[in-house]
K.L.:
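Shown below is the structure under consideration.
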Amino acid sequence: MNKTLEEQRRQLPAYAVRQNILNCIQTSSTLILIGETGSGKSTQIPQFILESGMLNKGMVGITQPRRVAAITLSKRVSQEKMRQLGDVVGYAVRFENCTSENTKIKYMTEGILLREALNDRFLKKYQYIILDEAHERTVNTDVLFGIVKSIQKERSMFRMQELKIIIMSATMDVDHFSKYFNNCTVLYMPGRMHQVQVMHSKHRQDDYMFATLVTLFEIHRTAPLHHDVLVFLTGKDEIESMTSQIRNITRSHDLAGQPPLRAWPLHSALPAQRQLEAFQRSGENYRRVVVATNIAETSITLPGIKYVIDTGVVKTRKFDPITGLDSLKVTKISQAQAWQRTGRAGRESDGICYRTYTANEYDLFEKMTKPEILRCNLSSTILQLLALGINIETFDFMDKPPRDSIEVAFKQLKQLGAIKSVQNPQLTETGHRMSKFPIDPIYSKIIISSPKFECVNDILDLVAILSTENVYCEPNQNNRDQATAQHSKFQTRYGDHLTLLNIFTEYKKHNKSKQWCTEHFLNQKSLQYAFEVRQQLAEICDNVNVSSQADSPHHNVDQIRKCLITGLFNNVAELQQRDNHYIVMANRQRAMIHPSSVLSGYHANLNGFSSSSNGNGIISNMGNKLKDAHNQKANYVLFSEIVHTTQVYLRTATRIEPEWIQEVVPDCGYASRINNNQL
DNA sequence: GAGCACTGC
């Protein structure tokens, strides 16, 4: 058993260049290592360092963009070393630290290393830091680039132990990377394990859904039984439409002599159980086709895939600093992404990738995916950098974010009271406390304000549940009404925030029961995650003196909503009676309330519980006296998110009273405008 | 009438 593990190790491409790699690591302080999936770089390089005796003090730290990867890699490597997980080889991710004094190789998420840097300015624990999957260019990867580079320099300046940096990546813009790391050595490792043949469409396709269907049934007609197919589409709607079309075609056409074709959807909104169904083959005599979003590009690896159909599109989120608007739009993938998708056909054996776009179109794709740091809201990242004592103006970004993004982030941090001024972005006392929370500054501000509103516990519940997505379970077609009925039990006319708070409160009251979740069509995994976030936030509260001692013994819905305004004051919108649209007060942006919101008007059937706010129980609808007034659309709402999809939508919205703005944030810039318009 | 994917000692 162990012998085979060792044999497997020796067969990896990384093993063949072992000595070469070690020589390079020894002679250079920074090394870029390029190797494709299957080369064994993530599991082998840390072991090579350990076995070579080059590790004399400290650890090898190796970062991953995703939790699951950090955990599975450390499991694999501890097996290969024949040691218990958490001994010589361990991992650390949010909520879980599986390391010990003996740990020499530590796998972790990028976020963990960033948080560690906050408490250990020079990351003294580490002699080697390996940043893996660097080509993905997540915000955290980019921030870590700058941080480890500067720590390396400082450690050498102060004559501390040298920090060795290894950047590992699949394909990437080598020149750009090497230049940034002072023209360091670049080492290429032998290619992937299996061949994938790429077939481009001969002609331009107007309808990639149709092209996908044609390609799929051609594969189905000709390929051997167990050759499964993976299709990349952009979102839930497309995936549902595709799987139902596949079912209809297989049902209505005579596919005599062919094995059945079964389609499985795969996207993040599905509960864990249904994601597993797509992963596992449940029988022998059919062909499986998995229709997925880009979740199957990196996060989930499906076994048995021989064919990939790549539509060349993806849904991406982009932040516009001028309008403050997030947009979620279908865009063309990059060439690097196309190859990532192609590789999914060659995980276990040779495969084929069909691209429903022409070779010409491919040539016009961007070479690399734009780094996330260039297209996201930076307030959280900048608060963290400031807490590290970093000057943003001089920070050595590999790709510097746009001026507007940085300015908008400073402005927001100033408004939240986290920095002294935009010109002098020094952290205030509040800013220091805010930076301790691993959440968006808007919400850390709300938590810090909560003792004043005597609702610390409710706010912690609320922030915890807001940090998870997909609280509601996707019902099937046949139990949609049932799910709606169950969900409506939690709804209140106050809006979505207090509805979510109800769900979380009830979840805890029912001892986090799995069965209770199933009965109420709620996602147990998400609620459990929220529970753990809640615990973590409460611990941090203790450390930064946010005390719940003064908390009101009952839910005080007005105080909770006022407290939310202390962070979300820029997210307040006013109803335009004229056309039933909302206008965001801070920037005059026109928007609609998202149809999924309790306040959208599509949820007329708000049952609630019978009495009004009853002790620590569920927050129900308002008393009958007020009820009629509140059946109308809310005149003022506060929202968590504004996203441009098919329209500009406010998501997760709560009804507020206009006079609260003057009371809570008199300096917000639009308070007077509200008062003048009132009554 | 409708949400890509990640992450945080």
K.L.:
Which is true for A:Glu641 with a 4.0 Å heavy-atom rule: it touches a base, it touches only sugar-phosphate, or it touches nothing?
P.N.:
base
K.L.:
Can you identify which nucleotide, out of B:dA2, B:dT7, B:dA5, has its nearest atom closest to the A:Tyr649 side chain?
P.N.:
B:dA2
K.L.:
Closest to the A:Glu116 side chain: B:dA5, B:dC9, B:dT7?
P.N.:
B:dC9
K.L.:
Name the nucleic acid region contacted by A:Val643, choosing base, sugar-phosphate or nothing; use a 4.0 angstrom heavy-atom cut-off, strictly under.
P.N.:
nothing
K.L.:
Tell me what A:Ile439 touches on the nucleic acid: a base, only sugar-phosphate, or nothing, going by heavy atoms under 4.0 Å.
P.N.:
base
K.L.:
Cation-pi check for A:Trp339 against A:Arg344: NZ or CZ below 6.0 Å from the six-membered ring centre and within 45 degrees of the axis, yes or no?
P.N.:
no
K.L.:
With sequence neighbours left out, what residues match A:Lys149 under salt bridge (charged side-chain N to carboxylate O under 4.0 Å, His left out)?
P.N.:
A:Asp396
K.L.:
Nearest to the side chain of A:His267, which nucleotide is it out of B:dA5, B:dT7, B:dC9?
P.N.:
B:dA5
K.L.:
Of the listed nucleotides (B:dG1, B:dG8, B:dA5), which one gets closest to any side-chain atom of A:Ile295?
P.N.:
B:dA5
K.L.:
So A:Asn119, base contact, sugar-phosphate only, or nothing? Heavy-atom distance under 4.0 Å.
P.N.:
base
K.L.:
Using whole Å, what does the distance between atom P of nucleotide B:dC6 and atom CG of A:Asn294 come to?
P.N.:
8 Å
K.L.:
Can you tell me if A:Arg317 and A:Asn377 form a side-chain donor-acceptor pair at under 3.5 Å?
P.N.:
no
K.L.:
Is any side-chain nitrogen or oxygen of A:Ser299 closer than 4.0 Å to OP1 or OP2 of B:dC6?
P.N.:
yes
K.L.:
From the list B:dG1, B:dG8, B:dC9, which nucleotide is the closest neighbour of the side chain of A:Gln536?
P.N.:
B:dC9
K.L.:
Indicate whether OP1 or OP2 belonging to B:dC9 is found under 4.0 Å from a side-chain N or O atom of A:Arg115.
P.N.:
yes
K.L.:
Might you point out which heavy atoms bring A:Leu527 and A:Cys517 nearest each other, and give the distance in Å?
P.N.:
CD1-SG, 3.9 Å
K.L.:
Please report, rounded to the nearest Å, how far the P atom of B:dG8 is from the CG atom of A:Leu388.
P.N.:
17 Å
K.L.:
Kindly say if A:Thr138 contacts the phosphate of B:dC6, meaning a side-chain N or O under 4.0 Å from OP1 or OP2.
P.N.:
no
K.L.:
Have a look at A:Thr645 and say if it touches a base, only the backbone sugar-phosphate, or nothing, with a 4.0 Å heavy-atom cut-off.
P.N.:
sugar-phosphate
K.L.:
Parallel, tilted or perpendicular for A:Tyr362 and A:Tyr357, by the 30°/60° rule?
P.N.:
parallel
K.L.:
Between P on B:dA5 and CD on A:Glu469, what's the gap in Å once rounded to a whole number?
P.N.:
8 Å
K.L.:
Specify the separation, in whole Å, of atom CD of A:Gln275 and atom C1' of B:dC6.
P.N.:
13 Å
K.L.:
CG of A:Leu537 versus P of B:dC9: gap in Å, rounded?
P.N.:
10 Å
K.L.:
On DNA chain B, check which nucleotide each of A:Ser380 and A:Gly235 is closest to and give me the residue with the more 5' one.
P.N.:
A:Gly235
K.L.:
Among B:dG8, B:dA5, B:dG1, which nucleotide has an atom closest to any side-chain atom of A:Arg67?
P.N.:
B:dG8
K.L.:
Whether A:Thr109 contacts B:dT7 is assessed here as follows: a side-chain N or O lying under 4.0 Å from the phosphate OP1 or OP2. Is that the case?
P.N.:
no
K.L.:
Rounding to a whole Å, what distance do you find between A:Glu133:CD and B:dA5:C1'?
P.N.:
14 Å
K.L.:
Of all the choices, B:dA5, B:dT7, B:dG8, which nucleotide is nearest to the side chain of A:Arg66 once you look at every atom?
P.N.:
B:dT7
K.L.:
Answer with base, sugar-phosphate or nothing: what part of the nucleic acid does A:Thr316 contact at a heavy-atom distance below 4.0 Å?
P.N.:
nothing
K.L.:
Kindly point out which of B:dG8, B:dA5, B:dA2 is positioned nearest to the side chain of A:Thr646?
P.N.:
B:dA2
K.L.:
Output the rounded distance in Å from NZ (A:Lys370) to C1' (B:dC6).
P.N.:
19 Å
K.L.:
Grab the CG-C1' distance between A:Leu118 and B:dT7 for me, whole Å please.
P.N.:
15 Å
K.L.:
Do NZ/NE/NH1/NH2 and the carboxylate oxygens of A:Glu372 and A:Lys318 come within less than 4.0 Å?
P.N.:
no
K.L.:
Any side-chain donor-acceptor pair under 3.5 Å between A:Ser600 and A:His594?
P.N.:
no
